[in-house]
Amino acid sequence: MKAAVIVFPGSNRERDAVAALERASGTKPHLVWHRDTELPDVDLVVVPGGFSYGDYLRSGAMAAHSPIMRAVKAKAERGLRVLGICNGFQIVTEAGLLPGALMRNAALKFVCRTVHLRVENTDSAFTGKYRKGQIVRYPVAHHDGNYWADAETVKRLEGEGRVAFRYVSDSGADDPLWNPNGSVAGIAGIFNETRTVLGLMPHPEDAVDPLHGNLDGKPLFDGLVEALS
Amino acid sequence: MTKPAAKQPDVTPEMAAEHGLSPAEYQRVLEILGRTPTFTELGIVSVMWSEHCSYKSSKVWLSKLPTKGPRVICGPGENAGVVDFGDGDAIIFKMESHNHPSFIEPYQGAATGVGGILRDVFTMGARPIANMNALRFGDPSHPKTRHLVAGVVAGIGGYGNCVGVPTVGGETNFHPAYNGNILVNAMTVGVAKADRIFYSAAAGVGNPVVYVGSKTGRDGIHGATMASAEFSEDSEEKRPTVQVGDPFTEKLLIEACLELMATEAIVAIQDMGAAGLTSSSVEMAGKGGLGILLELDDVPMRETGMTPYEVMLSESQERMLIVLKPGHEDEARAIFEKWELDFAVIGRLTDDGKLTITMHGQTWCDMPIAPVSSASPVYERPWEPTPPRAELPADVLAGWDGDVAAALTKLVSCPDQASKRWLWEQYDSLVGGDTRFMSGQADAGVVRLPGQGRKGVAVTTDCTPRYCLADPVRGGAQAVAEAWRNLTAVGALPIAVTDNMNFGNPEKPRIMGQFVGAIQGMAEACTALDFPVVSGNVSLYNETNGEAILPTPAIGAVGLLDDVMTAVGLAFRAEGESILLVGDTAGHLGQSLFLREILGREEGPPPPVDLAVERRNGDFVRGLIKDGLLTACHDVSDGGLLVALADMAMAGGIGAHLPGLDGRDAGFLFGEDQGRYVLVLKPENAATVQSRAAEAGVPVTPLGTTRDTALTADGPGAISVEGLRRANEAWLPGYMSGK
């Protein structure tokens with residue numbers, strides 16, 4: 001699998017993404033600068049976490065209009081796999097690749113902790129190595145992770161199996177007390193219509209190394225390598 | 001651009017006094033110059049000679065700390081300390097206070113404190129890989145405390161999270177002595193190649209002096225002077241002296257500087273911290289024995305009509321001063337333009353030893369540098385030793401009802417000991433993907449060196465201010481010993497120290513005596529433990545209306561782990577494992593948390609610190625961890641043995657059967673004797689550990705076995721771990737929500 005990681009001014013989890021991709025595929029991904037206008041020939045683009053453009057104006061809003069995102073958007077519309085994590089989720093949403101918006105956390109504070117997620121749909125290159133309904137643990141680290149979409153959109157996402165991950169309790173129950181940011185319907189990550197684009201707030205790339213004390217993110221990257229090699 | 005008034009105000013002795021210069025200091029300025037200084041010159045000298053920049057009250061004593069060792073690459077005097085971590089790797093680290101601004105404007109004060117310490121570290125060529133912080137707030141019931149906690153924590157998170165450096169630990173205390181002066185001490189640890197360290201001494205007459213980063217505005221003028229005086233009722237009016245931070249620019253500055261540092265373009269580099277362009281230019285030229293010409297018209301400015309005085313004294317954030325090799329300007333400019341940062345050649349090095357400042361075709365400053373930078377005043381202020389505290393009366397426990405379970409529950413939920421999860425969850429502790437242990441998981445933060453395989457650095461900050469107040473010598477030694485112990489408890493080899501000396505008004509002999517005592521204790525401990533001080537910061541005048549803070553010599557320290565995966569945390573990991581206590585327990589209750597929280601008394605001497613025993617016990621424990629014999633380890637500190645066991649149980653969600661505590665008294669359960677650790681090991685390793693202890697002459701006491709969901713012993717009975725955890729977790733969120 002050949003992959004590229006986009007770097008914006010203010011990206012800060014690109015190193016984590018590079019390490020996770022290299023660990024899974026054995027190949028170093030390309031780092032692509034935000035001002036570039038073309039993508040290298042790759043099977044996967046990762047839009048990493050951080051504070052692109054300082055998150056000024058609105059998280060992800062300015063990065064969504066960068067030259068490289070025009071190229072990412074064009075190729076995504078032709079089926080290129082795109083993984084937007086945290087700030088990357090905000091960016092691909094602002095770019096219109098995914099519906100809805102990421103608002104300030106309901107508690108109005110930055111939150112960094114390990115959360116429990118239920119894998120809701122395994123029919124994708126991203127989630128194929130999980131069991132449907134499997135409970136996994138990923139860390140979150142964000143200030144603006146409160147996913148919102150209007151009722152009709154949420155209904156469509158649910159109906160089309162486009163909710164990828166949902167915040168749940170440690171026993172796997174839907175429980176707003178375990179939702180770290182107030183996201184509607186506990187939504188932690190969603191697919192586009194063709195399930196070729198995944199955006200999620202939690203960080204699978206920080207759960208792939210024995211050092212992390214948690215390998216629950218590994219199947220996501222291993223699955224991508226398997227599906228895209 | 002609007003021209004400033006062509007004429008500066010004439011300087012008078014009264015004006016010098018308003019700038020914080022004593023009559024004797026002003027006389028010295030007149031002698032150095034042989035004339036009356038200009039207004040700009042007066043501003044420059046006054047900040048250079050402020051306590052904050054000159055260390056004039058502390059210099060004499062700081063020189064008594066041990067600063068050398070086989071691993072020290074660079075000790076105090078540069079932007080940060082540098083130690084050798086083997087294989088060509090260097091660790092660069094420092095801790096610095098931002099106390100006064102954080103009290104006035106907590107969010108920006110704390111945020112720019114983090115920004116400043118990050119710059120001190122990456123200016124030497126290091127990529128920052130871990131942040132820590134040591135915070136002291138006033139009484140929780142004081143009307144300002146909640147607001148200050150909220151602002152400081154948001155400021156630290158807002159800055160550190162955005163720049164992408166994980167905040168992996170710290171400490172937070174509350175005491176009424178900090179009601180009028182909170183302490184915000186921030187520490188950064190970075191990693192560099194040992195042969196690619198950048199220093200601040202300028203060299204090469206004619207070399208270009210380059211300004212990079214943010215534009216200069218009027219913010220923070222006289223910040224350093226503010227930090228060199230006591231607060232009074234009007235401290236609120238000093239808000240305009242607090243700087244405003246922009247972590248996004250800092251992140252770009254880190255990446256741009258590291259990119260430039262990979263080239264051969266740099267001669268010297270220094271961040272513009274306290275006293276901004278003044279201290280960076282004077283220090284760089286002074287260290288190099290050269291002069292410097294600054295043409296201020298070329299300084300990127302974000303406000304119009306700024307005077308030379310304002311440009312030189314601005315403390316606008318996220319700025320660096322660089323001396324480049326000639327001919328490398330275009331190469332450097334391209335890097336900073338790529339990162340969308342300002343870049344300007346604003347002057348050059350000269351051979352006349354002077355600081356010359358021009359603007360609008362006029363000269364505003366023409367002053368010899370050497371007397372200003374190195375011949376600043378040094379004071380040996382009068383001091384008196386702190387009188388020893390009386391021993392506790394024999395019947396000190398008479399007022400206690402003997403309810404161990406209730407006392408333990410109260411201790412784990414008291415403000416100093418309660419879980420700080422509310423606070424650390426606002427910090428990104430994981431960015432970078434190299435964090436092994438963060439707050440609450442182990443006695444020290446542990447981070448792997450990026451791209452290095454298995455080597456890691458352990459980081460801790462420690463100080464017990466109530467010990468320091470009762471006996472500064474013992475308290476100073478204890479702070480160093482506890483830092484050494486916390487690094488040891490994760491399995492790291494302690495390497496070196498950064499100190500952040502927070503005290504009251506040094507012009508009072510009683511306060512100066514606290515400073516002198518703490519230095520003496522620290523020096524003894526650092527020497528005995530081969531733990532040199534390589535960087536530090538002094539914050540004096542932490543007083544409001546004559547009320548001083550507790551003496552707080554905060555110790556930050558780093559340790560080396562050859563393999564981060566051998567490090568152990570503090571949580572019980574499984575049932576059926578053996579629990580041992582290392583070290584002797586005399587049952588010392590003087591100045592203990594138990595005495596203060598349960599009996600309401602802050603009395604007695606603090607526990608003695610036997611540095612030879614400390615070292616023997618620690619070396620023994622570290623050896624066990626290295627050989628994989630332990631599953632968990634925790635030092636015994638605030639609250640004593642039972643609180644240490646409760647910490648381990650709460651972190652692991654597992655209880656323990658503790659026959660070793662049957663019928664023990666309050667001194668054994670809650671005493672704060674030093675040099676002790678709780679070890680957890682698989683039962684099959686118990687014999688090996690016991691025989692190694694006997695060989696090393698280390699006292700070891702079996703306490704029991706991890707089991708079930710309660711801490712159980714004859715006397716206290718069964719104390720539910722879940723009940724303790726609830727009490728421990730409830731206090732801070734409850735307090736912050738206004739309960």
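Chain letters run A, B, ... following the sequence lines, proteins first, then strands; residues in each count from 1.
Among all heavy-atom pairs drawn from A/R13 and B/V431, the shortest one is NH2-N, 3.2 Å. Taking all atoms of both residues into account, the shortest heavy-atom contact from A/P9 to B/L252 is CB-CD2, 3.5 Å.
More than 12 heavy atoms of other residues, nucleotides or ligands sit less than 6.0 Å from atom NZ of B/K420. The number of heavy-atom neighbours closer than 6.0 Å to NZ of A/K75, taken from other residues, nucleotides and ligands shown, is above 12. Atom CD of B/E722 is surrounded by more than 12 heavy atoms from other residues, nucleotides or ligands within 6.0 Å.
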Audit row: B/W422, A/K109, side-chain contact (heavy atoms from CB on, under 4.5 Å) steps and yes/no: CA-CA 10 Å; B/W422 179 90; A/K109 292 198 297 284; 3.4 Å; yes

Residues B/L430, A/E205; criterion side-chain contact (heavy atoms from CB on, under 4.5 Å); working and verdict: CA-CA 11 Å; B/L430 301 173; A/E205 76 279 26; over 6 Å; no

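Taking CZ from B/F437 and CG from A/L211, the interatomic distance works out to 9.0 Å, rounded to the nearest 0.5 Å.
For a residue to count as touching a neighbouring chain, one of its non-hydrogen atoms must lie under 4.5 Å from one of that chain's; by this rule B/T435 touches chain A with the backbone only. Contacts between B/V163 and chain A at a heavy-atom distance below 4.5 Å involve the backbone alone (N, CA, C, O).
Chain A forms the most heavy-atom pairs under 4.5 Å with one residue out of B/Q426, B/R436, B/K338, B/K251, and that residue is B/Q426. Ranked by heavy-atom pairs under 4.5 Å with chain B, the list A/P210, A/A141, A/C112 is led by A/C112.
When atom types are taken as modelled, the side chain of A/H212 and the backbone of B/G433 share a donor-acceptor pair closer than 3.5 angstrom.
Within residues 14-26 of chain A, the residues having any heavy atom under 4.5 Å from a heavy atom of chain B are, by residue number, A/R15, A/D16. Residues of residues 561-570 of chain B placed with any heavy atom under 4.5 Å of a heavy atom in chain A are listed by number as B/V564, B/M565. Scanning residues 43-61 of chain A against chain B with a 4.5 Å heavy-atom cutoff picks out A/F51, A/Y53, A/G54, A/Y56, ordered by number.
For the salt bridge (Lys or Arg N to Asp or Glu O under 4.0 Å) condition, the pairs that include at least one residue of residues 167-178 of chain A, sequence neighbours left out, are A/R118-A/D174.
At a threshold of 4.5 Å between non-hydrogen side-chain atoms, the residues B/R448 and A/D209 count as touching.
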